[in-house]
Amino acid sequence: MADQQQVYPVPDEWKRRAKVDAEGYETLYGRSIADPGSFWLEQARRLDWIKRPEIAGDWSFDESDFHINWFTDGKLNVAANCIDRHLASRGAAPAIIWEPDDPNEPARRYAYLELHQEVCRFANVLKAEGVEKGDRVTIYMPMIPEAAFAVLACARIGAIHSVVFAGFSPEALAGRITDCDSEFCITADEGRRGGKRIPLKANVDAAADRAPALKKVIVVQATGGDVAMKEGRDVWYHHVAESVSDDCPAEVMGAEDPLFILYTSGSTGKPKGVLHTSGGYLLWASLTHELAFDYKEGEIFWCAADIGWITGHSYILYGPLANGATTVMYEGVPNWPDASRIWQIVDKHQVNTLYTAPTALRALMAEGDQPVKATSRASLRLLGTVGEPINPQAWRWYYDVVGDGRCPVIDTWWQTETGGHMIAPLPGAHDLKPGSAVKPMPGVDPQIVDADGNVLPGATEGNLVIAKSWPGQMRTVWNDHDRFFQTYFSTYPGKYFTSDGCRRDEDGYYWITGRVDDVINVSGHRMGTAEIESALVLHEKVAEAAVVGRPHDVKGQGIYAYVTLNSGVHPSDELRDTLKQWVRKEIGPIATPDALQFAPSLPKTRSGKIMRRILRKIAEGDTSSLGDTSTLADPSVVDHLVANRVA
Ligand code: PRX
């Protein structure tokens, strides 16, 4: 409790220079809720429209009339908003600074003018290879500038990009290609991370065997590594690029035309294709980037995420570029070649705002203060975190050691589905409390409800819902509009259910307490326990599996799997390793179980439902309070599990 009462006031000097102060926030927020129509049409002016919209939000969360549209009558091109409109005023200013994995290699910088040429050329290569407006293009790329060019090139010609994180396995990639019927894939020969190489093209080859939809693979030469090229299917990007122009008109898009699909995990079934559209998404990315990061012209902004996640989409690319910022893109990992790398990059590129995940901070914190103190970090002005709850200890380390007590730390809560920040402090407006995401962004109407959907007032705790639509909201699950409605709008009719638990304190500050469904958060990566279970039961020796999360010092949550083997199969350490590797192969390294326990059977109710509450407690080692086990079909199962728990 002591932690939660500790308040870090924003320094006066900071408040004076901030774009929005406390009064400014109240006015902005008040108007956004009282008169959303005129508020959003006014905000829409921050974008460059081919046809300016006259309608703001047109939506209903009710089942009988369910629809979500924003700025429907507006026309624009997202890539032109991120590039072309800046050319006259800041064409020579750096748009992207790229830092390679190996610190001894030179960084690359692209001015807005150069970005324009690169994106146009990439767009023409896509056209030359047959990509048309509305086609789905899978992007499976390392963190190199060409990944940004590819994304923006899709936006320029109206193709729908589906970026798949390069750490996913061929199996996971194939599933995502097939789900959205993507005929095109952009990849690189290899990726590099922490001095290691990742065989991306070989992974695409393996995925292609299971993804018949795939017709064309465009391969960027990143490392020069040896790869096989399949005649008629694979082309080298640099070969096609030689013969295309570096000018490409931007397609006129409706505000509600799809911009991208991004797959994310839910509590059941396969990952779902979250669909974001053009106008509302870009407006949201741009507005939240400016407000939460108090972005000012000329600043250097570094979001240390991967473009394979929504954080990379919204805050490496779309938000900063829409605002004409300089965005840093880093190929490598935080702790290679050593634990000082992040801070060295901050100094090297004079980064003003750093945005990263609590898991990275906890890992770096474990290395002590010296790697941080060996660097200056004087350019830093603001620090941000995202992806999982930040423990107050990590927050204070970020504030005191990294920021030398000078830089506000903003904890931003949002989701793939929300497009951008939903609850986050505005650093010039709000005093900070370590571990709290503070207050809603303009237009966001959060409510805390109990299990029956009753709205709980004042200081309280319950489930977090959002009562009104906002422009950055996802519009559907690709190919499954019914799943969209069922997942988010059926639990609490008329409201968007976040699946997060939340507390609101006496000051109206919001504290996210974590997922209330079967989604776990491992190192800031969102994972469905059902997906890992499906991967496990695909193995011929496995009869049944149940996966839960348990607290982990660095990762936030670790993956704990209970596995029942087929009869006649004997448990062994070797089989345990085999099964962990199996999951790694099926999904990717981020899904590898931290612990795997063989269970002759799982605790089930008499109707056959697995009692996950008990499995979670056993995994956590909290076996003294397993609660009522009398409803179990066979209570003795629990004793066996407790006795054989993996520490
Ligand atoms: O549980 C919340 C957690 O991450 C989930 C969303 O994951 P994803 O769609 O992968 O997006 C991550 C990046 C936006 C949420 O449901 N989460 C995200 N940010 C925070 C957080 N939990 C607590 N505090 C946060 N700041």
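Quick caveat: nothing in here was measured; it's all calculated off a predicted structure. One-based numbering, in listed order, for ligands and for the atoms of each. All values below come from the heavy atoms of this structure, side chains included, with hydrogens, waters and symmetry mates left out.
- Closest approach of Arg584 and Ser169 over heavy atoms only: O-CB, 4.2 Å.
- Within the structure, the closest approach of Ala437 to ligand 1 does not fall below 4.0 Å when heavy atoms are considered.
- Given atom 23 (C) of ligand 1, the protein heavy atom at minimum distance is Pro389 N, 3.1 Å.
- By the 4.0 Å heavy-atom criterion, Ser499 is excluded from the residues contacting ligand 1.
- Salt bridge status for Glu256 with Arg475: present, with a side-chain N to carboxylate O gap under 4.0 Å.
- At a heavy-atom cutoff of 4.0 Å, ligand 1 is contacted by the side chain of Asp500 but not by its backbone.
- Considering only non-hydrogen protein atoms, atom 13 (C) of ligand 1 sits nearest to Thr311 OG1, 3.4 Å.
- Remark: Pro442 pairs with Leu28, Ser32, Phe39, Leu291 by the side-chain contact (heavy atoms from CB on, under 4.5 Å) rule, at least two apart or across chains.
- Listed for the Tyr562 side chain is a donor-acceptor partner under 3.5 Å among the backbone atoms of Ala619.
- Using modelled atom types, one side-chain atom of Lys19 and one backbone atom of Tyr295 make a donor-acceptor pair closer than 3.5 Å.
- Every atom of ligand 1 is numbered from 1 in the order shown, and the set under 4.0 Å from a heavy atom of Asp411 is 24 (N), 25 (C), 26 (N).
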Enumerate, atom names and distances included, each donor-acceptor pair closer than 3.5 Å involving a side-chain atom of residues 302-311, sequence neighbours excluded.
{"residue": "Asp306", "atom": "OD1", "partner": "Gly308", "partner atom": "N", "Å": "2.7"}

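- Looking at Glu388, its side chain does come within 3.5 Å of a backbone N or O of Thr359 through a donor-acceptor pair.
- Residue Gln415 has at least one nitrogen or oxygen atom sitting less than 3.5 Å from a nitrogen or oxygen atom of ligand 1, judged on distance alone.
- Scanning all protein heavy atoms for the shortest distance to atom 20 (C) of ligand 1 gives Glu388 N, 3.5 Å.
- With respect to Lys433 and Asp411, no salt bridge is recorded, no charged nitrogen being found less than 4.0 Å from a carboxylate O.
- Looking at Asn521 against ligand 1, only its side chain comes within 4.0 Å, counting heavy atoms.
- The heavy atom nearest to atom 5 (C) of ligand 1, out of those in Glu417, Arg515, Met527, is found in Arg515.
- For the residue pair Ser469 / Trp70, a side-chain donor-acceptor distance below 3.5 Å is found, with atom types taken as modelled.
- Heavy-atom proximity to Val386, at under 4.0 Å, picks out these atoms of ligand 1: 13 (C), 14 (C).
- None of Thr412, Thr288, Thr327 except one satisfies the side-chain hydrogen bond (donor to acceptor under 3.5 Å, both in side chains) rule with Tyr315; the exception is Thr288.
- Atom 4 (O) of ligand 1 has Gly387 O, 3.3 Å as its closest protein atom, hydrogens excluded (heavy atom only).
- Within ligand 1, counting atoms from 1 as listed, the ones closer than 4.0 Å to a heavy atom of Ile512 are 22 (N), 23 (C).
- Considering Trp511, Tyr510, Trp414 only, the shortest heavy-atom separation from atom 18 (C) of ligand 1 involves Trp414.
- Of all protein heavy atoms, the one lying nearest to atom 7 (O) of ligand 1 is Arg526 CD, 3.5 Å.
- Applying the 4.0 Å criterion to heavy atoms of Thr416 picks out, from ligand 1, the atoms 8 (P), 9 (O), 10 (O), 11 (O).
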